[in-house]
Amino acid sequence: MPKNETPEISKNAWWHPDRFESRADYLVRRADIVKSVREFFDRRGYVEVETSALQVSPGIELHISPFKTILLDPWDAARSVYLHTSPEFAMKKLLAAGMQRIFQLARVFRNGERTAKHHPEFTMLEWYQTGADWRSLADEAIEFVRAVCGPVARHRDYICNLSAPWEFLSVAEAVERFTGIDLLATTPDPLDPDTAALRSAAEAVGVYTDTTDNWDDIFFRIFLDRIEPNLGIEVPVVLHSYPASMSALARISPDDPRVADRFEIFVCGLELANGYSELTDADEHRRRFLNTIKNRVAAGDEPIPIDEALLAALNSGIPDCAGIALGVDRLVMLATGAENIEDVLWAPVSVT
């Protein structure tokens, strides 16, 4: 290219006028939805908070890869920190400090995630309420989606009626409905589920398993192959009572120790949100963190440091509460009918 000659914009670039124009209606709707989000929570007495994206621990998840960087302080040695994968840890510290109803629209970061419904940087809405449990928060989430998205959601070939009564379905009921497998029969010991029993049940209905699969691996194969594609097709589904081994940071159900007080929302076959009655026991947090770190290392992934300040905050006293994380970009997709997450992002991550 001759010196000083301006390069031509690629037609695939998100800022190319033609491509941007094709997304303009989606982006205007996105701006309106963000306004509606804040109006919804303002009416309900929530306080909007902002927490740092740089954290000592980004969130300890088995299947999520964080972005790692180096923090340079003029008065301290360089140290490794992470871009958060969720604002959960920081927001729980605010609950321990005395906040009662908080929400945040956070930019979050997850490495290795890029599909039509995943992006390495995306917007997550999280809200927490003290004195609430998973069921009351799920009811509030239903009101939220109806208020912000409208009466109808669309994704691919599906149209979902948000105004109709939403279906509440336990994980065990969903597995029974779509495969005939009695899931809880394979979890007589919640902390040591029966892998062989679930493997046998999965193979009997034609779901492939690998000899190295553990119970969770087999469950995910069943779930992704037979369950998730059927959820929320005509009306949204609140899928609840996840197996205890997949409780994340949810409280174990006081009614059945085999399951956790955790739920996910599915609309038009798309997972939209994940929430639970929060675990408030610092010792149990540590046990779960250590177990997840051990499993990450066994899978060949880097261990994630424990946020000791979070455990100290929990130990100082945190009230019973519930929280939920909802994908804002996916909500916009459902409201507009967009099929690719990049179509509803103002400026998708690009290296060109």
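Bear in mind the structure is a predicted one, so any value in this text is a computation, not a measurement. Residue numbers run from 1 in the order of the sequence given.
Contacts classified as salt bridge (Lys or Arg N to Asp or Glu O under 4.0 Å) and involving residues 86-115 (residues at least two apart or in different chains) are given here: E88-K92, K92-E278, K93-D307, R107-E121, R114-E342. The list of salt bridge (Lys or Arg N to Asp or Glu O under 4.0 Å) pairs with a residue in residues 319-339, not counting sequence neighbours, reads R30-D329, R156-E339. Listed by first then second residue, pairs satisfying side-chain hydrogen bond (donor to acceptor under 3.5 Å, both in side chains) with a partner in residues 141-151 read R44-E143, not counting sequence neighbours. For the side-chain hydrogen bond (donor to acceptor under 3.5 Å, both in side chains) condition, the pairs that include at least one residue of residues 180-194, sequence neighbours left out, are T186-W215. Within the structure, the side-chain hydrogen bond (donor to acceptor under 3.5 Å, both in side chains) test picks out the following pairs touching residues 250-262 (sequence neighbours left out): R251-D261, D256-R258, R262-E264, R262-N274.
By the 4.5 Å side-chain criterion applied to Ile, Leu, Val, Met, Phe, Trp and Tyr, L27 is assigned to a cluster that also includes F20, W346.
More than 12 heavy atoms of other shown residues, nucleotides or ligands fall within 6.0 angstrom of atom CD in E176.
Partner L162 forms a side-chain contact (heavy atoms from CB on, under 4.5 Å) with one of V152, V235, V267 and no other, that one being V267. Here the options are F41, Y128, F144, the test is ring pair (Phe, Tyr, Trp, His ring centres under 6.0 Å), and the partner is Y46; only F41 passes.
Remark: E284 engages R288 in a salt bridge, criterion side-chain N to carboxylate O under 4.0 Å. We find that R135 and D139 are joined by a salt bridge, their nearest charged nitrogen and carboxylate oxygen being less than 4.0 Å apart.
Not a single salt bridge (charged side-chain N to carboxylate O under 4.0 Å, His left out) links R199 to another residue, sequence neighbours left out. For E48, the salt bridge (charged side-chain N to carboxylate O under 4.0 Å, His left out) partners at least two apart in sequence or on another chain are R38. Taking R23 as the reference, nothing meets the salt bridge (charged side-chain N to carboxylate O under 4.0 Å, His left out) condition, with sequence neighbours excluded. Scored by the salt bridge (charged side-chain N to carboxylate O under 4.0 Å, His left out) test, E167 finds R177 as partners (sequence neighbours excluded).
Using a distance-only test at 3.5 Å, with no hydrogens or angles considered, a donor-acceptor pair links the side chain of S36 to the main chain of D32. Put simply, the side chain of E140 never gets that close to the backbone of L137: no donor and acceptor are under 3.5 Å apart. Checking side-chain atoms of S200 against main-chain N and O of A196 turns up no donor-acceptor pair under 3.5 Å. Between the S247 side chain and the L249 main chain, no donor and acceptor come within less than 3.5 Å of each other.
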Without placing hydrogens or testing angles, list every side-chain donor-acceptor pair under 3.5 Å for residues 220-228, not counting sequence neighbours.
{"unit_1": "R221", "atom_1": "NE", "unit_2": "D213", "atom_2": "OD2", "d": "2.6"}
{"unit_1": "R221", "atom_1": "NH2", "unit_2": "D213", "atom_2": "OD1", "d": "3.3"}
{"unit_1": "R221", "atom_1": "NH2", "unit_2": "D213", "atom_2": "OD2", "d": "3.4"}
{"unit_1": "R226", "atom_1": "NH1", "unit_2": "V205", "atom_2": "O", "d": "3.1"}
{"unit_1": "R226", "atom_1": "NH2", "unit_2": "V205", "atom_2": "O", "d": "2.8"}

Donor-acceptor pairs under 3.5 angstrom involving side-chain atoms of residues 53-69: please list them, not counting sequence neighbours.
{"unit_1": "Q55", "atom_1": "NE2", "unit_2": "S52", "atom_2": "O", "d": "2.9"}
{"unit_1": "S57", "atom_1": "OG", "unit_2": "P305", "atom_2": "O", "d": "2.8"}
{"unit_1": "K68", "atom_1": "NZ", "unit_2": "E302", "atom_2": "OE2", "d": "2.7"}

